[in-house]
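Inspection log for the structure reproduced underneath, given as structure tokens.
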Number of protein chains: 2
Amino acid sequence: MNPKEKRQYEARAKVLKALAHPTRLWIARQLSDGEHCVCEFVDAVDVDFSTISKHLTVLKEAGIVESEKRGKQVFYRLKIPCLLKFMECVDAVILAQIESQSEFL
Amino acid sequence: MNPKEKRQYEARAKVLKALAHPTRLWIARQLSDGEHCVCEFVDAVDVDFSTISKHLTVLKEAGIVESEKRGKQVFYRLKIPCLLKFMECVDAVILAQIESQSEFL
DNA sequence: TTCTTTTTTGGCAAAATAACCAAATGTTTT
DNA sequence: AAAACATTTGGTTATTTTGCCAAAAAAGAA
């Protein structure tokens, strides 16, 4: 792994890390149906609003979402159209894992 | 987020977490070209062999790779055919991020 | 202006992760 | 059987991540 390759994989890992959290992945999934304001996530998930805000910052810094303030609310939008396909791959891993485990029955 | 949904997103996050590390992602990418033995990774990456081994364990427990011992060597194979597509999505995020940054020039 | 609402920021403690070294395991070679 | 090789496991330490609380910011309403 040469230095350029290394930087490349570090950048990729950063994006994946941003999505590698249950709450953040859920948020991203919600956004794939269209924009939402922060308050909607706070209502739906049982964590402190400051925690939601920090998760959104992580997603934003990774380039996964973008935000826009309108009035007192902040709305977030997904920047990546490939998220659903992306998640299908993740689900395929989980399904394969379950299947290979049940082979032992 | 109900309990079932929560477990689902936790499972997905676990898979993503496994891939969200430069070295592990690189290993997975190498395996998409076919199986490799641990020693090949040890030679190519500048970290302790025990570190490589632990990374491989993480990938295995997440259901991303499988291993087979032949002689004194252990060979790893990718269990997911969608990895390359998956990485294309990650690269699209990075590219979009770079583009939106250069808008400010 | 003051109060209220919505979101972000700063600080802190607990938990998880990563990398190293040393030791153990399993396999082939001598 | 002993030595050599390839990999995993255990233990330790440093770093990162997570989530809460309190406080700050920004906007609108009273």
Side-chain angles (χ1 to χ4, degrees), chain A residues 1 3 6-7 9-28 30-31 35-78, chain B residues 1 3 6-7 9-28 30-31 35-78:
Chain A
M1 201 161 31
K6 197 180 171 193
R7 277 196 305 278
Y9 277 94
E10 280 167 354
R12 287 164 174 159
K14 193 189 164 189
V15 173
L16 288 175
K17 224 181 239 186
L19 288 167
H21 185 287
T23 305
R24 289 197 294 268
L25 192 59
W26 178 85
I27 288 173
Q30 301 310 301
L31 292 176
E35 72 170 18
H36 286 278
C37 94
V38 181
C39 55
E40 293 176 85
F41 298 134
V42 172
D43 292 341
V45 184
D46 190 29
V47 290
D48 197 80
F49 47 86
S50 68
T51 304
I52 295 284
S53 179
K54 276 177 186 171
H55 282 316
L56 285 164
T57 302
V58 172
L59 288 171
K60 196 173 169 181
E61 280 180 354
I64 294 162
V65 304
E66 58 190 358
S67 66
E68 184 190 342
K69 184 155 196 172
R70 292 207 296 276
K72 333 184 227 196
Q73 295 179 323
V74 177
F75 289 85
Y76 278 82
R77 269 187 304 277
L78 200 60
Chain B
M1 203 161 29
K6 196 179 170 193
R7 277 197 304 280
Y9 278 93
E10 280 166 354
R12 287 166 174 157
K14 192 189 165 190
V15 173
L16 288 175
K17 228 179 237 185
L19 288 167
H21 186 286
T23 305
R24 288 198 294 267
L25 192 59
W26 178 85
I27 289 174
Q30 302 310 300
L31 293 176
E35 72 170 19
H36 287 278
C37 95
V38 182
C39 54
E40 292 176 85
F41 299 133
V42 172
D43 292 341
V45 184
D46 188 29
V47 291
D48 197 80
F49 48 85
S50 68
T51 303
I52 295 284
S53 179
K54 278 176 186 171
H55 281 316
L56 286 164
T57 303
V58 172
L59 289 171
K60 197 173 169 181
E61 281 179 353
I64 294 162
V65 303
E66 58 190 359
S67 66
E68 186 189 343
K69 184 156 194 170
R70 291 206 298 274
K72 9 184 198 188
Q73 295 179 322
V74 178
F75 289 85
Y76 279 81
R77 269 188 304 276
L78 200 59

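So that the names make sense, note that chain A is the first sequence line, chain B the second, and so on, each numbered from 1.
With sequence neighbours excluded, the residues forming a side chain to side chain contact (heavy atoms under 4.5 Å, CB included) with A:Ala11 are B:Ile94, listed by chain and number. Listed by chain and number, the residues in a side chain to side chain donor-acceptor pair (under 3.5 Å) with A:Ser53 amount to none (sequence neighbours excluded). Qualifying side chain to side chain contact (heavy atoms under 4.5 Å, CB included) partners for B:Thr23, counting only residues two or more places apart in sequence or in other chains: B:His21, B:Ile27, B:Val45, B:Ile52, B:His55. Qualifying salt bridge (Lys or Arg N to Asp or Glu O under 4.0 Å) partners for B:Glu68, counting only residues two or more places apart in sequence or in other chains: B:Arg70, B:Arg77. The side chain to side chain contact (heavy atoms under 4.5 Å, CB included) test applied to A:Gln73 returns A:Cys37, A:Cys39, A:Phe75, not counting sequence neighbours. For B:Lys69, the side chain to side chain contact (heavy atoms under 4.5 Å, CB included) test picks out B:Val74, with sequence neighbours left out.
Bounding nucleotides for the chain B contact on DNA chain C, 5' to 3', at a heavy-atom distance below 4.0 Å, are C:dT17 to C:dT28.
What separates CG of B:Leu59 from P of D:dT8 is a distance of 12 Å, to the nearest Å.
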Can you give me the N/O atom pairs linking the protein to nucleotides 19-22 of chain D at distances under 3.5 Å, or say none if there are none?
residue, atom, partner, partner atom, Å
D:dG19, OP2, A:His21, NE2, 3.4
D:dG19, OP2, A:His55, NE2, 2.9
D:dC20, OP2, A:Asp48, N, 3.2
D:dC20, OP2, A:Thr51, OG1, 3.3
D:dC20, N4, A:Lys54, NZ, 3.0
D:dC21, N4, A:Ser50, OG, 2.8

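Taking for each of A:Lys17 and A:Val38 the nucleotide of DNA chain C with the nearest heavy atom, the 5'-most of the two is the partner of A:Val38.
Comparing the local axis fitted to the first five base pairs of the helix from C:dT1-D:dA30 to C:dT30-D:dA1 with the one fitted to its last five gives a bend of 10°, rounded to 10°.
Within the model, atoms CD of B:Glu61 and CG of B:Leu59 stand 10.0 Å from one another, a figure rounded to the nearest 0.5 Å. The structure places CG of A:Leu16 at 6.0 Å from CG of B:Leu25, a figure rounded to the nearest 0.5 Å.
For residues 10-26 of chain A, the set of pairs meeting the salt bridge (charged side-chain N to carboxylate O under 4.0 Å, His left out) definition, not counting sequence neighbours, comprises A:Arg12-B:Asp91. Counting only residues at least two apart or in different chains, salt bridge (charged side-chain N to carboxylate O under 4.0 Å, His left out) contacts with residues 40-57 of chain B are absent.
Within residues 67-76 of chain A, the residues that place at least one heavy atom under 4.0 Å from DNA chain D are, in residue-number order, A:Lys69, A:Gly71, A:Lys72.
Using the six-membered ring where Trp is involved, A:Phe41 and A:His36 have ring planes that are tilted, between 30° and 60° apart.
Side-chain atoms of B:Val38 and B:Phe49, non-hydrogen and from C-beta on, never get closer than 4.5 Å to each other.
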